[in-house]
Amino acid sequence: MKRFLIASFLLVFGCLTLAQATTAAISGGSWQAGRIIDDAIFTDKDAMTPIQIQQFLNAQLADAGGCDTHGTGMVTYRYPDPNNSPLVTTTRALYSYRKGNGAVTVIKPDNIPDADNAWYTDNTWFRCLNDYWENPNTGANNYANRPIPDGAASAAQLIWFAAQAQNISPKTLLVTLQKEQGLLSDTWPFQVEYLHAMGAYCPDTAPCDPAHEQFGKQMNDGAALFRYYLDNMNQPWWTYKKPGVNGILYNPNTSCGASNVYIQNKATAALYTYTPYQPNDAALANLYGTGDGCSSYGNRNFWRNFSDWFGTTYADGYVAQFAGQSDYPAGGTAGQVRSAYIQYKNMGSTRWYDSSSAPAGISPVNLAATNPINRASIFSQSWPMTGRPNLTFSKVYESNGTTLAANQHVAEPGQIVRFEFNFTIPLDLGPGVYREYFQPVAEGAKYWAMGGLAYLDVTVLPTYQATYFWQSNYPTLVQNSVTTTTLEYKNTGAAAWYDVTSAPNGVRPITLAATNPINRRSIFSQSWPSESRPNLTFSKVYESNGLTLAANQHIVQPGQVARFDFNITTGAGTAPGKYREYFQPIVEGAQFWNIGGTAWIDVTVVSRSGSAQFVGQSGYPSSPRGQANPVFISYRNNTNTIWYDDLSAPLGISAVHLATTNPSNRRSIFSYGWPSSSRPSGIFSKVYESNGTSLAANQHIASPGQIVRYDFNLTVPWGLNPGVYQEFFQPIIEGTPDWSIGGVAWLNIGVTNN
Amino acid sequence: MYRKRSGKKLLLALVGLLVVGCAVALALKPSSKPAATNQPPTVDQKAEAQQQEDNAKVNRIEHPQTNNTASDQVIISEVGQEDETQQVVVKTKLVGSGWSSCQVTFTKGSSAFSREAGVIFQPEYSSCLGFAVDASTFPSAGQWSVSLTAKKSDGSSQTSASRVITVTK
């Protein structure tokens, strides 16, 4: 009973194993010119161990009938002229000898006839790939009947080494070996086939490069070429095939024509770079034979052999074919949302589930941002993940692309899935066209790639853009003076501008900034909110004509004009000369702060000149101790700058005070009630026009030519002895190194007994 | 005893069914070859396949692909400045065998500078392994002359015809 049960189990297990070991049949109709093999399979360096490679080589030779070591098999060829002589049939050994192949390692005695097949078979040793050893550094090998040289590795090991060094699948290299020279099934290989085993560095129009000959070099250099191609095809200088639309010839004879192929992945592009031809219909119709005069077979045989030997060239059987997309989204600005879709046809043999329908343990098929895979998209604000626009199918169609399928969350082979999703334009994104790549993926699977690379171009319009509109005249200022200047900008972007008083939460204000470089500290900034910001608010907002005031003076709608008034202040120490100051409006604190509109103002600073001219004063006072005596002194502003007192001086400008002098800043004994013991007054009492009688419009600012009067008290202290005292005064520019402006005057004070 | 014999018969029948089922499954299994070769190849088919391979091999030996040799050429196939990156890109074409290094030289009046690169092989033509030069590295904007010199591993070299590129900064 037990024996029966074990036998039954083994029978069932063996049957299932046999069924499992078979690979899917392929036919020419399955050929996808744009997707010969997926990247993950092409570059899976761990796909085989050295032992598995050796076993595979053994199996291939065995399947071909085993190595014909002595060349006893017969071969037909034309001899001696390969083009015109009649056909002859000899042993492979003799043919090899006639072609100069080095499989015969002894010298033929003269008494042996040239066509003695027997002698040649006795003395010929073909070395097949499964038994080939080579020192990769010297090229020494065991071809013919030579012993295995020191430092040699087997062909299987050399294949594996190349795969590991270049991150290319050993399966890729095995199939390429067969495609180029047929070495895997060659039962009587010539030495030259080892020299050029991978066809690497053998140009179409020149002999092979000797620097790359020998089997070990061919393996590594051929694999390295694949790696070069994969790693460099995105470079701007790349001139060969790359993912996207490429014209691919059918044959080196260009008259056979070409067709455009949408290459879906890098591995396929690398194959077309290595062998730049595609099979024509005739080659595909006779997949295991020859086509017509315009056929080529390299890439066909690569795909056919890979599929026959190792199964599908597509990762996990999930195969997606691009099947349409929406137009590129219309241009939008920050915060706006644009919708799009991409469609894929299920070209594999596996049913696709989305995340809402996938049974436990089955990978759902999701649309992923890619290039690189799982790229975090800047437009992903509304997506379930930054690298996944949509985790469910938006629509599932039958293969005609129009009839809705019965199940909208499962796509059977042949059906078409539509992924719809939104692009949300982020607030900080600058204007431009952004190319977003997508591809469907088998989520979480080892071989997640399914092909179907596609892209959408998202146009982001300028959200904020400023265009210079107008400015006031360039100012000329004397040291220690201030003037107001103006810059105006038109809002030529798509969004409204807010200043700091009107910006809603989350919206960055537009401010005027010193620039060139941005945030430059201006030397004229004494009265600004900061050293690089002349003004944080709009001084005026006009309609687009620049004349009519807008309804809201703190919001600039697109098309309207913002006016920034601000002061240019020259300190007393500013060196005379011409200064060019650059400004531009900016989006304060934003990543893309630059909205254009750079303009400049040339500021000319001239030296202060002239002096204060004494005009008049009150009579000399005389009084007993303890009495306050009102007095005044008047000066004409004979300088080229405006005088300000403490009530009118702008920020950064020094006021003109009356000061004791002789010596300067002398402490006066009559100073009771003054702002300080050496400053009778910091405020003008009167300001007259130049005639000395008409009061000026502003009683705290004295323009050149106007007259200032300082009124103050001289208070006689109680302890002072009777007598006459002389007190000297002069106006000064307070706190500046060049404070003296002349105008020394004095008052005599008579002190009497009480 | 009776029951034991009956169980054995039942198991025999079960095993028989499994054998038949397995045979049917194997007969219907998809083959790795096209439909016409679903059955294992016959001796004749194997011989025919071997003959095809031998013929192909003899053809490769008798008529090597390198009969149509072309003379060596060093060509600047394209030069331009990319809008997006502002890089000046030089695309190259090296016809022949054995190319090992490239040098591109930009000249404007008395100003000149060079960039070097390796070579990438491709059977139709090789090319230099990359010339994408930032416009900011050019001393000045304007028209620059571009020439390419490629060296072979045997020390020989060849220089291309010059091209002109207008560099904007």
Side-chain angles (χ1 to χ4, degrees), chain A residues 1 4-5 7-8 11-12 14-15 18-19 22-27 64-65 73 75-78 82-83 92 95 99 181-182 185-187 190 192-193 199-211 225 228-229 232 235-240 273-276 287-289 307-309, chain B residues 7-8 11-12 14-15 18-19 21-22 25-26 29-35 37 46 49-50 52-58 60-66 68-70 72 77-78 82 85 87 89-93 95-98 100 120-132 153:
Chain A
M1 179 74 158
F4 280 121
L5 282 172
S8 305
L11 193 59
V12 170
C15 180
L18 271 172
T22 57
T23 53
I26 60 164
S27 67
V75 61
T76 301
Y77 53 98
R78 295 185 189 278
N83 295 314
R92 292 164 172 169
Y95 177 68
K99 300 314 294 183
Q181 298 283 346
S185 60
D186 197 337
T187 58
F190 277 30
V192 70
E193 294 176 64
Y201 292 87
C202 291
D204 286 348
T205 56
C208 295
D209 187 345
L225 283 178
Y228 273 133
Y229 298 161
N232 287 292
Q235 296 287 346
W237 44 262
W238 183 256
T239 62
Y240 308 117
T273 302
Y274 201 96
T275 304
L287 199 56
Y288 290 83
S307 302
D308 284 349
W309 293 348
Chain B
K8 200 169 180 178
L11 278 170
L12 279 169
L14 184 62
V15 169
L18 279 169
V19 169
C22 192
L26 285 172
K29 78 182 164 71
S31 164
S32 62
K33 293 285 193 292
T37 59
K46 276 197 166 185
Q50 184 63 61
Q52 274 186 8
E53 285 199 16
D54 280 1
N55 291 344
K57 178 172 176 165
V58 168
R60 278 202 301 271
I61 293 166
E62 304 290 352
H63 306 287
Q65 203 178 354
T66 54
N68 299 323
T69 54
D72 292 346
S77 56
E78 200 177 322
E82 302 218 320
T85 63
Q87 286 182 317
V89 175
V90 182
K91 295 185 177 180
T92 59
K93 209 177 228 191
V95 179
S97 178
S100 60
I120 190 163
F121 171 84
Q122 197 263 352
E124 294 168 297
Y125 60 87
S126 296
S127 62
C128 303
L129 197 53
F131 290 118
S153 42

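Chain A is the first sequence line, chain B the second, and so forth, proteins listed ahead of strands; every chain is numbered from 1. Excluded from the calculations below are hydrogen atoms, water molecules and symmetry mates; all remaining heavy atoms, backbone and side chain alike, are included.
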Exercise for the section: Supply the atom-to-atom distance B:Lys93 NZ to B:Glu78 CD, rounded to the nearest 0.5 angstrom. Expected result: 10.5 Å

Practice task
Go through the atoms of A:Glu193 and report whether side chain, backbone, both or neither lie under 4.5 Å from a heavy atom of chain B.
Solution key: side chain

Problem - Segment of A:Ser185 engaging chain B (4.5 angstrom heavy-atom cut-off) - result: both

Exercise for the section: Heavy-atom distances under 4.5 Å only: say whether B:Val58 touches chain A with side chain, backbone, both or neither. Expected result: both

Problem - Interface moiety of B:Phe121 toward chain A, non-hydrogen atoms closer than 4.5 Å - result: both

Exercise for the section: Check the pair B:Thr92 / A:Trp237 against side chain to side chain contact (heavy atoms under 4.5 Å, CB included), numbers first and verdict last. Expected result: CA-CA 8 Å; B:Thr92 59; A:Trp237 44 262; over 6 Å; no

Practice task
Kindly write out the residues that satisfy salt bridge (Lys or Arg N to Asp or Glu O under 4.0 Å) with B:Asp54, not counting sequence neighbours, or none if the list is empty.
Solution key: A:Arg92

Exercise for the section: For residues A:Pro276 and B:Pro123, report the shortest heavy-atom separation together with the two atoms involved. Expected result: CD-CG, 4.3 Å

Fill in the blank from the handout: Correct closest heavy-atom pair for B:Ser97 and A:Cys208 would be OG-C, 4.1 Å

Fill in the blank from the handout: Looking only at B:Val89, B:Asn55, B:Leu129, most heavy-atom pairs under 4.5 Å shared with chain A are made by B:Leu129

Select, from [options], the one with the greatest count of heavy-atom pairs under 4.5 Å involving chain B.
options                                : answer
A:Tyr274, A:Tyr228, A:Tyr240, A:Phe190 : A:Tyr240
A:Val75, A:Asp186, A:Thr275, A:Asn83   : A:Asp186
A:Trp238, A:Tyr77, A:Tyr95             : A:Tyr95
A:Gly73, A:Pro236, A:Pro210, A:Gly289  : A:Pro236

Problem - Partner residues of B:Glu124 under the side-chain hydrogen bond (donor to acceptor under 3.5 Å, both in side chains) criterion, sequence neighbours left out - result: B:Gln122

Problem - Check: B:Tyr125/B:Ser77 side-chain N/O donor and acceptor closer than 3.5 Å - result: no

